[in-house]
Number of protein chains: 2
Amino acid sequence: MAITQLFKYFQKFTPLHLDNEEQILLESKFIQRRVKRRQMILQEGFVCKHYFFVAEGCFRMYGIDDKGYEHNIQFAAESDWIADIGSFHSNKPSKLFIEAIEPSVILQIEQQDLYFLYNNIPKLNRIFKVIIENKYVELQNHVLQTFSSTAEQRYLSFLEQYSDLASRLPNTQIASYLGITPEFLSKIRKDLTKK
Amino acid sequence: MAITQLFKYFQKFTPLHLDNEEQILLESKFIQRRVKRRQMILQEGFVCKHYFFVAEGCFRMYGIDDKGYEHNIQFAAESDWIADIGSFHSNKPSKLFIEAIEPSVILQIEQQDLYFLYNNIPKLNRIFKVIIENKYVELQNHVLQTFSSTAEQRYLSFLEQYSDLASRLPNTQIASYLGITPEFLSKIRKDLTKK
DNA sequence: TAATACGCTTAATATAGTTTAAGGGTAAAA
DNA sequence: TTTTACCCTTAAACTATATTAAGCGTATTA
């Protein structure tokens with residue numbers, strides 16, 4: 001069951017263990033859902049109504065530029081969270097898409113329910129503070145990488161830092177995350193084999 | 001006094017008002033500090049020991065690439081927070097610099113003291129969760145901007161979104177934030193006057 | 001007040017990465 | 001099983017942006 005995976009995930013946040021009563025409350029607010037490959041769980045123009053916990057599979061979050069090109073800004077695999085936090089809290093339409101790259105299972109929670117949990121299980125505030133801090137650090141590192149090195153160096157760091165993801169993702173998706181075209185990534189890979 | 005500014009800032013987080021006792025506790029943990037223009041409050045290689053609340057003035061956070069070029073990733077002016085969150089929580093050396101762009105006044109708090117406050121004023125967890133959510137959204141928008149448009153469009157959006165900052169910052173700093181050279185920003189500005 | 005550093009601009013040359021187009025291989029769908 | 005869609009590659013032409021270098025004005029600092 002996906003919900004036990006979520007409990008295990010929260011258990012990592014020692015010393016903030018959830019008691020039985022709290023777990024039951026949690027379970028009542030999360031809904032489990034199966035998502036097909038390529039299925040969208042968020043589309044541009046819609047408000048992001050849920051926080052998603054990935055129990056199985058893999059997702060990407062991306063935006064589309066004026067020319068119609070997609071730009072990945074985040075991946076999320078097992079035991080990771082994904083949502084357009086800005087849209088979720090402001091209730092404004094999102095500019096982003098979230099799409100399953102693999103057949104997946106998620107646990108989703110609605111805004112009102114999450115707020116209810118924040119009020120009734122105060123330690124969740126701390127847990128989610130840490131979750132978002134980690135997301136922030138990840139994003140900041142990505143920004144630093146983008147600025148501070150060539151596409152080849154960025155590709156190599158990606159392989160290192162996300163070796164598990166790298167082997168699951170098509171190169172097209174990696175290129176989009178690195179901010180380059182698939183063609184150029186292909187060239188980089190060719191040049192690397194020569195070295 | 002800078003501390004009253006911090007209280008006012010926290011008051012915005014209704015319905016999470018701090019009572020008198022909590023304010024006294026808060027005040028005892030924050031240290032006020034005057035910072036000169038160009039002075040660093042964080043340098044690469046050092047652990048980020050503090051969270052900084054900017055009461056007056058303006059800061060930039062930047063990294064340096066292999067070629068020695070600086071890349072701004074964040075500005076913080078009055079009533080904003082700045083810190084290398086990753087280094088602060090992990091106690092690992094930072095890869096970043098934080099420097100005053102103007103003569104400034106800050107309130108700083110140490111890691112242990114902040115953790116003490118998190119434990120003794122639980123609602124602070126929620127307040128800082130929201131603070132970091134906002135930081136995350138800002139950074140994500142920056143990433144989206146970077147990917148999704150030409151340097152000229154990014155410059156125009158920056159002027160719109162941060163009109164107050166834009167008038168205070170030298171163009172060199174804006175260029176560094178936009179991920180372009182000062183020379184190229186100069187060209188963009190020239191081209192824009194022609195239109 | 002003089003000296004220096006800083007910020008802005010211009011322009012010529014250089015390059016990392018894009019665009020377009022075409023072909024081949026393999027997995028999904030019919 | 002056949003067809004279609006997707007993914008990866010190659011290469012030539014192209015473009016947005018970097019690099020280098022030089023000059024000018026105005027804040028800082030000595």
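Below, chain A is the first sequence line, B the second, and so on; all start at residue 1. Atom set for the values below is all heavy atoms of this structure, side chains included, hydrogens, waters and symmetry mates excluded.
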Whole-Å gap separating C1' (C/dG7) and CZ (B/Arg168): 18 Å
Nearest-nucleotide comparison on DNA chain C, the residue closer to the 5′ end among A/Thr150 and B/Arg38: B/Arg38
C/dA11 OP1/OP2 closer than 4.0 Å to side-chain N/O of B/Lys190: yes
Nearest-Å distance for atom pair CG/P, residues A/Leu169 and D/dC8: 10 Å
Whole angstrom value for the distance that separates C1' of D/dT10 from CD1 of A/Ile188: 15 Å
B/Glu183 CD - D/dA22 P separation (whole Å): 14 Å
Heavy-atom side-chain proximity of A/Leu96 to B/Leu144 below 4.5 angstrom: yes
Charged tip of B/Lys135 within 45° of A/Tyr136 ring normal and under 6.0 Å: no
Check: A/Phe53 ring centroid to A/Phe30 ring centroid under 6.0 Å: no
D/dC8 OP1/OP2 closer than 4.0 Å to side-chain N/O of A/Asn171: yes
Whole angstrom value for the distance that separates P of D/dC7 from CD1 of A/Ile174: 12 Å
Phosphate OP1/OP2 of D/dC8: any A/Arg189 side-chain N/O under 4.0 Å: no
Below 4.0 Å: OP1/OP2 of C/dC8 and any side-chain N or O of B/Thr172: yes
5' precedence on DNA chain D between B/Arg37 and B/Ile180 (nearest-nucleotide basis): B/Ile180
Sugar-phosphate, base or nothing in reach of B/Thr181, heavy atoms under 4.0 Å: base
Test applied, salt bridge (Lys or Arg N to Asp or Glu O under 4.0 Å); reference residue, A/Glu99; option that passes from A/Arg38, A/Arg60, A/Lys36: A/Arg60
Side-chain N or O of B/Tyr69 closer than 4.0 Å to phosphate OP1/OP2 of D/dA18: no
Selection from C/dG17, D/dT17, C/dA21 that lies nearest to any side-chain heavy atom of A/Phe184: C/dG17
Gap between atoms CG and P, on B/Asp191 and D/dT17 respectively (whole Å): 11 Å
Ring centroid separation A/Phe59 to A/Phe52 under 6.0 Å: no
Whole-Å distance separating the CD atom of B/Gln153 from the C1' atom of D/dA16: 13 Å
Nearest-angstrom distance from the residue atom CD of A/Gln173 to C1' of D/dC7: 11 Å
